[in-house]
Amino acid sequence: MMQSSFDQETSRRLHVAIVMDGNGRWAEARGLPRLAGHRRGVRAARRIVEAAPGLGIGTLTLFAFSSDNWKRPRPEVDGLMALLGSFLRREAAALATHDVRLSLIGRRDRLPLPLRAAATRAENETAGARGLHLRLAVDYSARDMILRAARRRVSGSVPSETFAARLGQAYGGAGAPDVDLLIRAGGEQRLSDFLLWESAYAELRFVARMWPDFAPADLAAALDDFHARDRRFGALPLAVSTPSTRSR
Ligand code: IPE
Ligand code: IPE
Ligand code: MG
């Protein structure tokens with residue numbers, strides 16, 4: 001029997017996923033190179049990671065680089081890889097101190113070696129942390145992940161939890177509970193191949209603000225809105241399904 005790789009305590013807190021979009025437009029609007037926007041984006045991410053545990057978030061998945069982002073000009077791709085590597089090298093110790101466990105999800109085989117090494121080191125250094133599970137999605141494609149898990153030979157019927165655990169193993173081994181709230185900064189209203197399986201019942205929130213300007217107050221506002229929503233998972237609202245009103 002396959003075990004899920006997240007503990008019960010993590011499952012009790014929220015899983016929030018964020019598409020950190022809008023770095024390029026933020027920079028272009030200021031006459032700066034796109035990479036300057038990505039650098040500011042890293043600062044925004046740091047602030048959000050710090051704020052997350054205090055807002056009831058147990059798992060935070062950040063979309064940093066999609067498998068389709070390889071299509072961008074070489075200098076931008078190289079700059080992004082360098083930024084991610086230096087983030088992992090510089091922040092690993094601070095993450096461990098703040099009880100943050102880091103995992104990279106996505107394909108690793110196409111990443112530059114120094115980035116791969118920095119990721120493994122950061123994962124090892126933070127492995128014991130339980131305050132927040134920070135999952136950084138790099139060279140990530142949800143469709144590719146699902147395809148890889150589905151291609152593994154399956155004998156007999158596989159319960160969906162087992163398949164979900166297998167998905168995590170196909171893509172970095174860092175499983176997580178389903179996404180509760182998916183936020184996208186930068187004004188676009190699409191998923192761009194992010195967490196398609198885990199977001200089956202995620203609440204969606206699209207924010208016009210570009211990612212470099214996204215602040216902890218924006219995250220807090222998103223969570224306030226989330227808590228006011230009625231999640232039904234296909235069932236009836238609680239008030240309707242109580243025994244006194246249910247038809248016999
Ligand atoms: C998101 O910002 C970061 C990555 C995709 C790496 P973009 O670079 O997509 O910024 P926009 O959407 O062009 O403004
Ligand atoms: C999604 O943003 C990927 C990340 C934020 C890392 P994109 O900018 O790549 O998505 P599209 O091209 O607008 O769909
Ligand atoms: Mg974009």
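The shown structure was predicted, so the numbers you read here are calculated from the model rather than taken from an experiment. In what follows, residues are counted from 1 in the order of the sequence shown. Atoms within a ligand are numbered from 1 in the order they appear, just like the ligands themselves.
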Exercise. Side chain, backbone, both or neither: which part of R184 has a heavy atom under 4.0 Å from ligand 2?
Worked result: side chain
For residues 28-39, which side-chain N or O atoms pair as donor and acceptor with protein atoms under 3.5 Å away, sequence neighbours left out?
{"unit_1": "E28", "atom_1": "OE2", "unit_2": "R34", "atom_2": "NH1", "d": "3.0"}
{"unit_1": "R30", "atom_1": "NH1", "unit_2": "W26", "atom_2": "O", "d": "2.8"}
{"unit_1": "R34", "atom_1": "NE", "unit_2": "E76", "atom_2": "OE1", "d": "2.9"}
{"unit_1": "R34", "atom_1": "NE", "unit_2": "E76", "atom_2": "OE2", "d": "3.3"}
{"unit_1": "R34", "atom_1": "NH2", "unit_2": "E76", "atom_2": "OE2", "d": "3.4"}
{"unit_1": "H38", "atom_1": "ND1", "unit_2": "N23", "atom_2": "ND2", "d": "3.1"}
{"unit_1": "H38", "atom_1": "NE2", "unit_2": "E76", "atom_2": "OE2", "d": "2.8"}

For this session: Decide whether the shortest distance between a heavy atom of H38 and an atom of ligand 1 is less than 4.0 Å.
Result: yes
Problem set entry | S67 vs R143, side chain to side chain donor-acceptor pair (under 3.5 Å): CA-CA, chis, key distance, verdict | CA-CA 10 Å; S67 296; R143 279 191 168 184; over 6 Å; no
Problem set entry | From the candidates D21, V138, L80, the one that places a heavy atom nearest atom 9 (O) of ligand 1 | D21
Exercise. So is E188 in contact with ligand 2, going by heavy-atom distances below 4.0 Å?
Worked result: no
Exercise. Does G24, backbone or side chain, put an N or O under 3.5 Å from an N or O of ligand 1?
Worked result: yes
Exercise. Polar-atom distance check: N23 versus ligand 1, any N or O pair below 3.5 Å?
Worked result: yes
For this session: Check the angle between the aromatic planes of F233 and Y201 and answer parallel, tilted or perpendicular using the 30° and 60° thresholds.
Result: tilted
Problem set entry | R34 to ligand 1, any heavy atom closer than 4.0 Å | yes
Exercise. Which of the atoms in ligand 1, numbered in the order shown and given with their element, are less than 4.0 Å from a heavy-atom of A64?
Worked result: 6 (C)
For this session: List the closest protein heavy-atom neighbour of atom 7 (P) of ligand 2: residue, atom name, distance to the nearest 0.1 Å.
Result: R72 NH2, 3.8 Å
Seminar exercise, completed: shortest atom 1 (C) of ligand 1-to-protein heavy-atom contact is with M20 O, 3.0 Å
For this session: For ligand 2, indicate whether the residue F194 contacts it via side chain, backbone, both or neither (heavy-atom separation under 4.0 Å).
Result: neither
Problem set entry | Ion pair check, D21 and R25, cut-off under 4.0 Å | yes
Problem set entry | Taking atom 13 (O) of ligand 2 as the reference point, the nearest protein heavy atom with its distance | R190 NH2, 2.8 Å
Exercise. Under 4.0 Å from any heavy atom of V19, which atoms of ligand 2 are there?
Worked result: 1 (C), 5 (C)
Seminar exercise, completed: Nearest non-hydrogen protein atom to atom 14 (O) of ligand 2, with distance, is S192 OG, 2.6 Å
For this session: Please step through side chain to side chain contact (heavy atoms under 4.5 Å, CB included) for the pair F226 and E203, ending with a clear verdict.
Result: CA-CA 7 Å; F226 168 83; E203 297 295 326; 3.8 Å; yes
Exercise. Is there a donor in the side chain of R184 and an acceptor in the side chain of S192, or the other way round, less than 3.5 Å apart?
Worked result: yes
Seminar exercise, completed: For R25, the ligand 1 atoms with a heavy-atom partner under 4.0 Å come out as 11 (P), 12 (O), 14 (O)
Exercise. Is the distance from the Mg ion (ligand 3) to the nearest N/O/S atom of E188 under 2.8 Å?
Worked result: no
What side-chain donor-acceptor pairs closer than 3.5 Å can you find for residues 111-121, not counting sequence neighbours?
{"unit_1": "R116", "atom_1": "NE", "unit_2": "R108", "atom_2": "O", "d": "3.1"}
{"unit_1": "R116", "atom_1": "NE", "unit_2": "L111", "atom_2": "O", "d": "3.4"}
{"unit_1": "R116", "atom_1": "NH2", "unit_2": "L111", "atom_2": "O", "d": "3.3"}
{"unit_1": "T120", "atom_1": "OG1", "unit_2": "R116", "atom_2": "O", "d": "3.0"}

Exercise. Short N/O distance, under 3.5 Å, between N69 and ligand 1?
Worked result: no
Problem set entry | Residue portion contacting ligand 1 (non-hydrogen atoms closer than 4.0 Å) for E28 | neither
Problem set entry | Given V16, D225, L223, the one that forms side chain to side chain contact (heavy atoms under 4.5 Å, CB included) with R205 | D225
Exercise. Would G186 count as a contact of ligand 1 if the rule is a heavy atom under 4.0 Å away?
Worked result: no
